[in-house]
Amino acid sequence: MNITEDKKPTPSNFIRRIIDEDLRTGKNNKKVATRFPPEPNGYLHIGHAKSICLNFGIARDYNGTCNLRFDDTNPAKEEIEYIDSIIDSVHWLGFDWENRLYYASDYFEKLYQCAVQLIEADKAYVCDLTPDEIRSYRGTLTEPGKESPYRSRTNIENLDLFARMRAGEFTEGSRVLRAKIDMASPNINMRDPIIYRIRKVHHHRTGDKWCIYPMYDFAHCISDSLEAITHSICTLEFEDHRPLYDWLIDELKMPNHPQQIEFARLNLNYTIMSKRKLLELVQGKLVNGWDDPRLPTLVGLRRRGFPPAAIRDFCERIGITKQESVVEMGLLEECVRDELNKITPRAMAVLNPIRIVIENFPENTVEELDAPWHPNNPDMGSRKIPFARIIYIEKEDFMEIPPKGFFRLTPGQEVRLRYAYFIKCHNVIKDPINGEIIELRCTYDPETRGGNAPDGRKVKGTIHWLAAEQAIKAEVRLYDRLFTIANPDAQKDVDYKSFLNPDSLKALPDCFIEPSLAKVNPEDKYQFERLGYFCVDQDSTTAKLVFNRTVTLKDTWKKSN
RNA sequence: UGGGGGAUCGUCUAGCGGUAAGACUACGGACUCUGACUCCGUCAACCUAGGUUCGAUUCCUAGUCCCCCAGCCA
């Protein structure tokens, strides 16, 4: 939990102020205990990262603890695969729960006993109404509900029935255990909520030991209390569950009464955060798995090349409030650039090559030039880059008839090849059939070796390049936002999938990178100068290197043209 | 039309009775062997109407708009 590189203090927020006050008044024995409680029914996404950073960040800053607890009360939807991935993602994000890994399913026996206790206190009953009946008895938003005819069963009968539910005597859906609260409550959650249901399915941890499973409202507050959580932080939609949370803790006379505090979940534009929709994209093969680099999942962002420190920084910058909001993707990207700028070595790559022949450079000669790994950080050292008669430059860096302000290569305009020489273009060779430029004939000034002219002559442009024969082939995958509109979720009558960006992935199989990158490993990150930040993909092999473009560099030239 | 929440620059977030602040974006400019980084600067907001007050984004009242809740999901 020691994130040493995060030097700036985390900005305060309303939750931290509540904790400050609790500490001041001596509440909870001056302890702070939080938890991150995912349900293992999907992969974590950046919205979860907000919650993780909040909960673990508070524990870190207040010298408290944060537990990782799987809320695994619905075996029908949950899988080991998700558990493994969640554990991995939280660690990757930079947080640790030491020996405090818990599962709601670890508490099933205690939970059962709590339910018995509730029955004995005449605060719960077994109800035989069908699901449809229960719904209609519940009333509506504006009308009170009706009491179930089974509400007045004796405790003896309830105890017997509940034990038999556990023993598997009844079919799924035939009976439930309900809390006895108030069918006329204006808060629908208090209208005798179901706390146990029969589910004859295999649980990924408890196997077939149970055929009744507690509902979230019942399991969550008790789990929090058992773990002596002091501040139970959740999202806004649970706000009207809080009275039930408090009611259960009180009625069960639990020794600890955690305080539930709600905050607004994260929304990001140009993407979706709903687990259901993410699952739909994955299962429908609209993306290539949970770790598709276009997805806002943590595994996706990781594969895309987002450093965990950037995600943590982002979570701090967006703040914590109860206001629902949609954060701009641009902010996340800015956090990523900010981090990557500090940590990545620079390298040269040419994505769309155009061939140049340096006519006055000797054939069969290769020069080695020095290039620092990071222009602003000499500690990162330098590498040698080969220079030869035939080189590649980026197609975009040459224009035969340039617009005003274009200071890259044009016929007659001298430019600098980064860390190499000044060159001038004298001839443009075109395909006689389609007129496409196939080669540029240039000359270099040997006096400018390393990139500076002894006569003090300046050039406007510096472009990246690669010696053709020495360059290594690589595939580069370019990513763009997943959706074409800012809020694909919000459209009422149009399916969000129709806003999927058809150009969100562009694979360029024939790119070139400098030879010093021959031995990279998956997740290695580089800035390809003037192009953006890139990350070695897990598909990459020594025989075939694959890079993902994490994010572009800012490009004020492109923007203004 | 029940209950629970929320409204501050384009976006996110501070301010909690005393000159509305920061970040991102946008737009200028400086610097530059990355049109990057960095550095400077500019534009830009208190949902509405009343009230209390010397003074209201802040307190009060009444509205308006937005979000959530009628799963044996979490």
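Below, chains carry the letters A, B, ... as their sequence lines are ordered, and counting in each starts from 1. Being a predicted model, the structure only gives us computed values, none of them experimental.
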On the nucleotide [N], are OP1 or OP2 found under 4.0 Å from the side-chain N or O atoms that [X] carries?
X: A/Arg199; N: B/C73; result: yes
X: A/Thr140; N: B/G2; result: no
X: A/Arg138; N: B/C72; result: yes
X: A/Thr321; N: B/U13; result: yes
X: A/Arg197; N: B/A74; result: yes
X: A/Arg135; N: B/G71; result: yes
X: A/Thr73; N: B/A74; result: yes

Regarding [X], tell me which of base, sugar-phosphate or nothing describes its non-hydrogen contacts under 4.0 Å with the strands shown.
X: A/Leu141; value: base
X: A/Gly145; value: nothing
X: A/His241; value: base
X: A/Phe406; value: base
X: A/Asn452; value: base
X: A/Tyr213; value: nothing
X: A/Pro243; value: nothing
X: A/Leu129; value: base
X: A/Leu553; value: base
X: A/Ile134; value: base
X: A/Thr130; value: base
X: A/Glu262; value: nothing
X: A/Tyr196; value: nothing
X: A/Val459; value: nothing

Between [X] and [Y], a side-chain donor and acceptor under 3.5 Å:
X: A/Glu514; Y: A/Tyr526; value: no
X: A/His220; Y: A/Arg35; value: yes
X: A/Glu143; Y: A/Thr140; value: yes
X: A/Gln259; Y: A/Tyr245; value: no
X: A/Arg197; Y: A/Tyr213; value: no
X: A/Arg481; Y: A/Thr271; value: no
X: A/Tyr216; Y: A/Asn74; value: no
X: A/Asn41; Y: A/Glu78; value: no
X: A/Asp192; Y: A/Tyr137; value: no
X: A/Ser325; Y: A/Gln323; value: no
X: A/Arg416; Y: A/Thr462; value: yes
X: A/Gln527; Y: A/Tyr533; value: yes

Assign each of A/Pro38 and A/Gly330 the nucleotide of RNA chain B bearing its closest heavy atom; nearer the 5' end lies the nucleotide of A/Gly330
Whichever of A/Trp557 and A/Asp217 has the more 5' nearest nucleotide on RNA chain B, that residue is A/Trp557
What residues 165-176 of chain A contributes to the RNA chain B interface at heavy-atom separation below 4.0 Å is A/Gly173, A/Val176
Within the modelled atom types, does a donor on one side and an acceptor on the other bring the side chain of [X] and the base of [N] under 3.5 Å apart?
X: A/Arg317; N: B/U13; answer: no
X: A/Glu334; N: B/U25; answer: no
X: A/Glu328; N: B/G10; answer: yes

Which value, in whole Å, describes the distance between the [atom1] atoms of nucleotides [N] and [M]?
N: B/U61; M: B/U11; atom1: P; answer: 29 Å
N: B/U58; M: B/G6; atom1: P; answer: 16 Å
N: B/U19; M: B/G3; atom1: P; answer: 38 Å
N: B/G63; M: B/A23; atom1: P; answer: 40 Å

Is the distance between the ring centroids of A/Tyr196 and A/Phe218 under 6.0 Å?
yes
Dot-bracket assigned to RNA chain B with the 3.5 Å Watson-Crick/G-U criterion, [ ] for crossing and | for other-strand pairs, is .((((((..(((.....[...))).(((((.......)))))....(((((..]....))))))))))).....
Its glycosidic angle compared against 90° from 0, B/G41 adopts the form anti
Check the interface with nucleotides 6-9 of chain B: list each N/O to N/O pair with the protein under 3.5 Å, or write none.
residue	atom	partner	partner atom	Å
B/A7	OP1	A/Gln323	OE1	3.0
B/U8	OP2	A/Gln323	NE2	3.2

Among [options], which nucleotide has an atom closest to any side-chain atom of [X]?
X: A/Glu237; options: B/C68, B/U34, B/A14; result: B/C68
X: A/Pro186; options: B/C72, B/G35, B/G2; result: B/G2
X: A/Arg408; options: B/A74, B/G35, B/C73; result: B/G35
X: A/Arg17; options: B/A74, B/G15, B/U34; result: B/G15
X: A/Thr556; options: B/A36, B/A74, B/C72; result: B/A36
X: A/Asp555; options: B/A74, B/C69, B/G35; result: B/G35

Using the rule for Phe, Tyr, His and the six-membered ring of Trp, do A/Tyr216 and B/A74 stack at under 5.5 Å and under 30°? no
Rounded to the nearest 0.5 angstrom, the CZ-CZ distance for A/Phe528 and A/Arg346 is 12.0 Å
Separation between OG1 (A/Thr410) and CG (A/Asp397), nearest 0.5 Å, reads 12.0 Å
In short, A/Glu394 meets A/Asn352 closest at the heavy-atom pair OE2-N, 2.6 Å
For A/Trp373, the ring pair (Phe, Tyr, Trp, His ring centres under 6.0 Å) test, sequence neighbours excluded, returns none
Sequence neighbours excluded, the answer for side-chain contact (heavy atoms from CB on, under 4.5 Å) partners of A/Asn377 is A/His374, A/Asp379, A/Met380
Which pairs, protein N/O on one side and nucleotides 26-31 of chain B N/O on the other, fall under 3.5 Å?
residue	atom	partner	partner atom	Å
B/A26	OP1	A/Lys559	NZ	2.9

